[in-house]
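Keep in mind the model is a prediction, meaning the values are calculated, not measured. The sequence lines fix the lettering, A, B, ..., with proteins before strands; numbering per chain opens at 1.
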Amino acid sequence: MAQSQEYKIDTIRHSMAHLMAQAITHQFPNEHIEFGVGPVIDHGFYYDVEMDHRLNEADLKNIEKKMKELIKKKLPIERKVMKRDEAIKHFEDINQKLKVELISDIPADEEISFFTQGDFIDLCRGPHVENTNNLPFSFKLTHVAGAYWRGSEKNQMLQRVYAVCFSSKEELQDHLKMLEEAKRRDHRKLGKELELFHFEPVAPASPFFMPKGAFIYNELVSFMRRIYDQFGYSEVITPQILDSDLWHTSGHYAHYKENMYFSNIDDREYAVKPMNCPCHMLMFKHYKYSYRDLPLRYADFGRLHRYEKAGAVAGLTRVRTFCQDDAHIFIPMDKIQGEIQDLMRMFFICYEHFGFTGIKVNLSTRPEDKAGDDATWDIAEGALKDALDASGHAYHIKEGDGAFYGPKIDVEIADALGRYFQLGTIQLDFQLPDRFDLTFTNQDGKEERPVVIHRALLGSLERFIGVYIEHVGAAFPFWIAPEQAIIVPVNNETHEAAASVLAGELRSLGLRIRVDNRNETMGYKTRQIQKSKVPYMIVIGDREIETQSVSLRAYGSRDSETLTNADVKKLFTELNQERVPKELR
RNA sequence: GCUUGCGUGGCUCAGUGGUAGAGCACUCCCUUGGUAAGGGAGAGGUCGAGGGUUCAAUUCCCUCCGCAAGCUCCA
């Protein structure tokens, strides 16, 4: 099968998509099947099909088999060019209306090419492999899901068949293994198993954090507060429910109403806040500020509620009630660059502290529909670019992807399985200061409009916890583990006193320690402790009491080591230092 | 919101047109045990909710709710 080596993987995947379409027609000779698009995606490809029969798992297996047969048939794949009329006629004749629509949209000056293999013809720009025999067996049809024709919810829904495909069996195996591992680490599964959080039908998409999950949540807040202390932020607390007047002023009523929860009382309409920003605008407006007071940084861990569509919610990653590590920075336009550099430093320190690597930075510039004039956008985009250049991190520009109110920087991180998640965001806003008519007094004694920077580092705590659980497989580092060590007395009657004394001493150092004196065997307790992924298990018996030491076993380790009580305290104290990133200690 | 699929004790799951089972967890008893499950007994479910078909529904059909994979959305 060495012949597949000479082709790029994307070419192979693309030809594979055609092959799958052909196989589907063979699998269902009596169905009328129409094909939409069949592009290459990360790790594989998909094809959109329209047919009455609903494809199921058994069908996918059969289609796979048919594909392999077609590969063995060594069908040549040939390119053909047709005139537009001819092409449209041909696809009308074979009743492929979706293809006719695609052909009609091809610009007049473009050549319309097709590829045929055996009894199958498909509209395609190419390139393709030359023969079905050039295609590898290292693929797998994974699932089928609905997808709107041409990505618009106004159109009919097609069945999208997904497949993964690699140039070698090994790569396919690795990928499938990664998917298995991802399944094992699924935060929804681990969250339930380790009693971190769960959901109740009476509050869809709204997590209930159990004590251990709540600990992690609160520790993340504490972590951010420690960071804020060093970067000049002040934390504020703002109301949960505010008169709709405010949301009219902020523009949310006009643009975001569908996502908001409302309540009527005393003949007034109130909304539960979906964002903190308008509250902070009011706070800024409440006093007179001078350029000396800026930048002013308001941090807020307020609870937010956003109505998300039923189909859009998922685990902790998209919820209807959440908390952002939110802050708004009020700043003169000419100070933006320095502030962004500080922000980038803060972001990188924190992400690296959580063990995330492969950090990607995206800069999104002005969209077509935008507020503010081009001169302002020029300055703002320039400041962001300069700041990013100065911070020395590579970044990718997404033209036109900014919010209508200002350009933004998004930060994506790769987790332990190499999957990317967007966490942090830094958004400039020229719109809100305008709407709230915010000003500060500048050096010339004149009223000047500040720029607002919206920024979140973890994003939402809920989402971050979800990502982080999967990143570490719920085996949390010592500093943030809800329980840091569990002490097991070998004999509850004779060793519990010593265990309690040690536990007390460790707790007085600020450590989270539990003594497991349940009436169970050591084997049983060991198993439970290992399964709960507590960083350390400490065993105390006659041997240890005699020598003022303990038997210490780290999570994931098969064996234990003997440490003096003093050394355990030292070790734990050191590990607990990680509550603050080392750059900031 | 849309397409498809799923919903059985706290958890993981088996099963059936004649109103249910296992393992773990839980309670009690015995066991005082040196690093991944000691033994025994017991309690716990109107099979997501409502309606329909049927002599009979957890099982078949419909609606709703919830969950999942995607699509759309994420001012």
Side-chain angles (χ1 to χ4, degrees), chain A residues 36 41 46 48 50 53-57 59 142-162 183 186 188-189 192-195 198-205 247 250-260 274-275 277 306-315 317-320 367 369 371 403-405 422 425 427 429 431-432 460 463 486 488-496 516-532 536-544 550-562:
Chain A
I41 49 173
Y46 67 74
D48 286 347
E50 184 169 43
H53 174 75
R54 296 291 151 194
L55 293 167
N56 55 43
E57 251 176 69
D59 294 329
T142 52
H143 58 287
V144 44
Y148 295 111
W149 168 234
R150 312 199 98 180
S152 166
E153 59 185 329
K154 293 195 181 70
N155 292 338
Q156 76 268 37
M157 198 152 246
L158 309 175
Q159 301 187 68
R160 177 168 294 176
V161 185
Y162 283 91
K183 224 177 190 175
D186 188 319
R188 293 167 295 199
K189 178 173 170 282
K192 209 190 283 179
E193 277 174 16
L194 300 182
E195 296 181 348
H198 66 263
F199 292 87
E200 300 281 349
V202 290
W247 307 107
S250 69
H252 288 95
Y253 206 94
H255 299 287
Y256 202 63
K257 190 167 182 255
E258 300 307 307
N259 290 73
M260 291 166 67
M275 297 174 190
C277 358
R306 296 182 189 175
Y307 176 77
E308 300 287 356
K309 286 183 185 170
V313 299
T317 49
R318 188 96 174 261
V319 288
R320 289 183 177 155
D369 261 335
F404 80 92
Y405 48 74
Q422 196 212 304
T425 176
Q427 308 187 359
D429 192 337
Q431 174 81 355
L432 273 184
S460 93
R463 188 177 146 78
I486 293 177
V488 179
V490 173
N491 179 314
N492 280 332
E493 278 157 27
T494 53
H495 308 133
E496 193 186 347
D516 186 352
N517 59 355
R518 287 177 306 162
N519 180 18
E520 299 290 352
T521 59
M522 272 204 51
Y524 180 85
K525 290 182 188 178
T526 303
R527 180 178 156 83
Q528 294 244 308
I529 292 166
Q530 291 297 319
K531 281 187 75 173
S532 65
Y536 289 100
M537 175 171 84
I538 292 173
V539 175
I540 293 187
D542 287 335
R543 295 203 291 268
E544 288 75 16
V550 300
S551 163
L552 185 75
R553 175 168 164 174
Y555 169 71
S557 162
R558 275 261 148 216
D559 17 62
S560 52
E561 51 179 331
T562 303

Check nucleotides 3-10 of chain B against the protein and report each pair of N or O atoms closer than 3.5 Å, with its distance, or say if there are none.
{"unit_1": "B:rU3", "atom_1": "O2", "unit_2": "A:Gly146", "atom_2": "N", "d": "3.4"}

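Checked against B:rG34, B:rU72, B:rU35, the side chain of A:Val490 finds its nearest nucleotide in B:rG34.
Backbone-only engagement by A:Gly315 is indicated by non-hydrogen atom pairs under 4.0 Å involving sugar-phosphate atoms exclusively. As judged by a 4.0 angstrom heavy-atom cut-off over every strand, A:Asn259 is placed among residues making no nucleic acid contact. Across all strands shown, A:Gly311 has heavy atoms under 4.0 Å from base atoms, whether or not it also approaches the sugar-phosphate. Residue contacts shown for A:Gly151 are limited to sugar-phosphate atoms, with no base heavy atom under 4.0 Å away. Heavy atoms of A:Ala205 sit under 4.0 angstrom from primed sugar atoms or phosphate atoms, though from no base atom.
Take A:Arg318 and apply the side chain to side chain contact (heavy atoms under 4.5 Å, CB included) test, not counting sequence neighbours, and it matches A:Glu308, A:Ala312.
Side-chain to base pairing of A:Asn492 with B:rG33: one donor and one acceptor N or O lie within less than 3.5 Å of each other. Between the side chain of A:Tyr148 and the base of B:rG70, no donor-acceptor pair under 3.5 Å is found. Side-chain atoms of A:His252 come within donor-acceptor range of the base of B:rA75, with a qualifying N/O pair under 3.5 Å. Looking at A:Arg150, its side chain has no donor and acceptor atom pair within 3.5 Å of the base of B:rC71.
Between A:Gln528 atom CD and B:rU35 atom P there is a gap of 17 Å when expressed in whole angstrom units. The distance between atom CD of A:Glu520 and atom C1' of B:rG34, rounded to the nearest whole Å, is 16 Å. Rounded to whole angstrom, the span from the NZ atom of A:Lys525 across to the P atom of B:rG38 amounts to 11 Å.
The OH atom of A:Tyr536 sits 9.5 Å away from the OG atom of A:Ser557 when rounded to the nearest 0.5 Å.
For the pair A:Arg188 and B:rA69, the criterion of a side-chain N or O lying under 4.0 Å from OP1 or OP2 is met.
If you find the closest nucleotide of RNA chain B to A:Gly556 and to A:Asp429, the one lying nearer the 5' end belongs to A:Gly556.
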For this session: Toss me the dot-bracket line for RNA chain B: Watson-Crick and G-U wobble, both under 3.5 Å, 5' to 3', using | for pairs to another strand and [ ] for crossers.
Result: (((((((..((((....[..)))).(((((.......))))).....(((((..]....))))))))))))....
